[in-house]
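Take a look at the structure below.
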Amino acid sequence: LLGIKPVLHFNDEGKIINQDGTVHTHELTTAYDAVTSEKHDIKVFCEDCPVKYVKENITYQPHTFTAKASDNKVIVSCECDFEAVVTLNGSENAVYDGTEKTATTDIDANAQQLLDRGTISVSEITYRDSTNALLNSAPVNVGTYEAEMTVRMDGTGTAVRKTFTIEGITPTASFTFADNLEYNCEVQPLVKTAEVTGGTAYYSLDGNKYTTTIPTATDAGEYTVYYKVVGDTNYKNIEPQTVKITVSPYIINQGTQFAVQSNSELIYNGKEQTKITGATFMGTQLTEGASAFRVRRHRQFRGRHHARP
């Protein structure tokens with residue numbers, strides 16, 4: 001392990017006489033050969049020396065380990081600048097696919113050395129859901145979860161948690177809508193087909209009130225159909241989309257027949273009266289009253305037409 005600063009003392013024998021008679025001064029580097037709970041076993045060496053390891057007058061330094069939690073990490077350190085880190089990682093970018101989403105631990109080299117020596121131990125990872133209920137295993141379904149890990153040393157545990165989320169998948173949805181509709185006095189569906197996997201289709205004609213019932217239209221005109229998908233468990237929602245559908249007026253050609261109702265007799269009553277009281281077309285009562293019939297006829301039909309009693 002590099003980068004640790006032990007207390008070192010060297011005598012004059014730390015110098016070597018080279019073959020050419022010059023004095024070689026060691027450029028010394030230190031590393032730990034092993035770590036125990038009692039002491040550092042330190043290697044001191046010079047890269048340029050024929051004799052690689054020099055162990056002269058080395059003062060061993062006892063360890064005093066402490067552990068602390070920092071976010072999702074447990075850091076075990078010693079006053080000699082030794083530091084070991086165990087990191088808890090959540091299941092990143094997890095998307096539901098029916099399998100368990102597990103968190104992981106990252107044990108650096110220093111921590112692995114302490115683990116091998118039995119100085120520390122690392123617990124199994126446990127999981128809790130959004131209600132803080134303890135799970136029996138790693139989570140599978142969509143939701144937010146917390147993983148927990150504990151590092152133990154000298155009978156004392158230091159725990160850290162990591163929050164992660166399992167996202168839902170998007171439903172598959174395919175819609176076909178009515179086209180080339182023409183007024184026929186009947187209720188006509190505005191959606192032909194809706195194939196949805198992983199959710200339920202909802203419709204609206206005003207963008208506010210949604211139902212699962214396919215929208216319909218009778219009168220000629222332009223209609224805006226709002227449609228969306230509410231995802232099942234583990235599926236996302238599909239936000240509302242719109243499509244415009246037109247019901248064209250029926251074209252009345254010469255010779256089109258109406259059944260017109262009228263008053264057989266009119267008796268003076270001092271008020272305006274009309275002979276026509278209503279009309280039937282294609283088996284459907286269109287309206288009552290002549291003036292209303294003219295408005296209705298204008299909206300639903302196109303072409304040259306006359307209604308006579």
Side-chain angles (χ1 to χ4, degrees), residues 1-9 28-45 55 58-168 234:
L1 299 172
L2 300 178
I4 304 175
K5 302 173 182 178
V7 178
L8 301 177
H9 299 284
L28 298 176
T29 304
T30 61
Y32 287 107
D33 183 28
V35 176
T36 69
S37 60
E38 292 80 24
K39 65 181 180 180
H40 297 303
D41 295 333
I42 303 173
K43 285 183 178 180
V44 182
F45 58 94
K55 297 185 179 180
I58 296 175
T59 300
Y60 291 105
Q61 179 179 353
H63 281 300
T64 303
F65 288 119
T66 58
K68 67 176 182 179
S70 178
D71 296 327
N72 61 320
K73 299 178 180 180
V74 175
I75 301 172
V76 179
S77 60
C78 174
E79 60 186 8
C80 66
D81 293 338
F82 174 85
E83 185 175 272
V85 181
V86 181
T87 305
L88 175 63
N89 300 307
S91 186
E92 302 298 329
N93 303 315
V95 178
Y96 172 79
D97 61 5
T99 64
E100 292 183 352
K101 302 304 175 186
T102 57
T104 59
T105 53
D106 181 15
I107 301 174
D108 72 3
N110 288 357
Q112 186 62 53
Q113 188 172 217
L114 295 179
L115 192 62
D116 293 341
R117 296 283 178 175
T119 305
I120 65 171
S121 64
V122 180
S123 72
E124 296 290 331
I125 299 173
T126 58
Y127 302 89
R128 295 180 181 272
D129 63 17
S130 58
T131 67
N132 203 38
L134 184 64
L135 305 180
N136 294 325
S137 59
V140 174
N141 295 322
V142 169
T144 299
Y145 301 90
E146 270 193 335
E148 182 175 322
M149 170 202 70
T150 300
V151 174
R152 293 192 174 276
M153 182 178 63
D154 296 330
T156 301
T158 302
V160 290
R161 290 186 176 188
K162 176 67 175 180
T163 300
F164 66 96
T165 299
I166 301 176
E167 299 288 348
N234 296 318

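All values reported here derive from a predicted model rather than from experimental measurement. FYI, side chains are in, hydrogens and waters are out, and symmetry mates aren't considered; it's all heavy atoms of this structure.
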Inter- and intrachain pairs under salt bridge (Lys or Arg N to Asp or Glu O under 4.0 Å), touching [range], at least two apart:
| range | value |
| --- | --- |
| residues 97-108 | Asp97-Lys101 |
| residues 140-155 | Glu146-Arg161, Glu148-Arg161 |
| residues 124-133 | none |

Atom pair [atom1]/[atom2] of [X] and [Y] - distance to nearest 0.5 Å:
| X | Y | atom1 | atom2 | value |
| --- | --- | --- | --- | --- |
| Asn136 | Thr126 | CG | OG1 | 11.5 Å |
| Cys78 | Glu83 | SG | CD | 11.5 Å |
| Phe82 | Ser77 | CZ | OG | 9.0 Å |

Sequence neighbours excluded, which residues qualify as side chain to side chain donor-acceptor pair (under 3.5 Å) partners of [X]?
| X | result |
| --- | --- |
| Thr165 | Thr144 |
| Glu167 | none |
| Asn89 | none |
| Thr102 | none |

[X] side chain near [Y] side chain, heavy-atom distance below 4.5 Å:
| X | Y | answer |
| --- | --- | --- |
| Asn72 | Thr87 | yes |
| Ile120 | Phe65 | no |
| Gln112 | Leu115 | yes |
| Val122 | Met149 | yes |

Closest approach of [X] and [Y], non-hydrogen atoms and distance?
| X | Y | answer |
| --- | --- | --- |
| Ala159 | Ala69 | O-CB, 3.9 Å |
| Pro139 | Tyr127 | CD-CD2, 3.7 Å |
| Ile125 | Ala147 | CG2-CB, 3.8 Å |
| Tyr96 | Val140 | CD1-O, 3.3 Å |
| Val95 | Gly168 | CG1-O, 4.2 Å |

Q: Only counting residues at least two apart or in another chain, list the ones meeting side chain to side chain contact (heavy atoms under 4.5 Å, CB included) with Glu92.
A: Lys162

Q: Would you confirm whether Tyr145, through its side chain, and Ile166, through its main-chain N or O, come within 3.5 Å as a donor-acceptor pair?
A: no

Q.
Exactly one of Leu114, Val86, Ile107, Leu88 should register a side chain to side chain contact (heavy atoms under 4.5 Å, CB included) with Val151. Which one does?
A. Val86

Q.
Can you confirm whether more than 12 heavy atoms, excluding those of Asn132, are under 6.0 Å from its CG atom?
A. yes

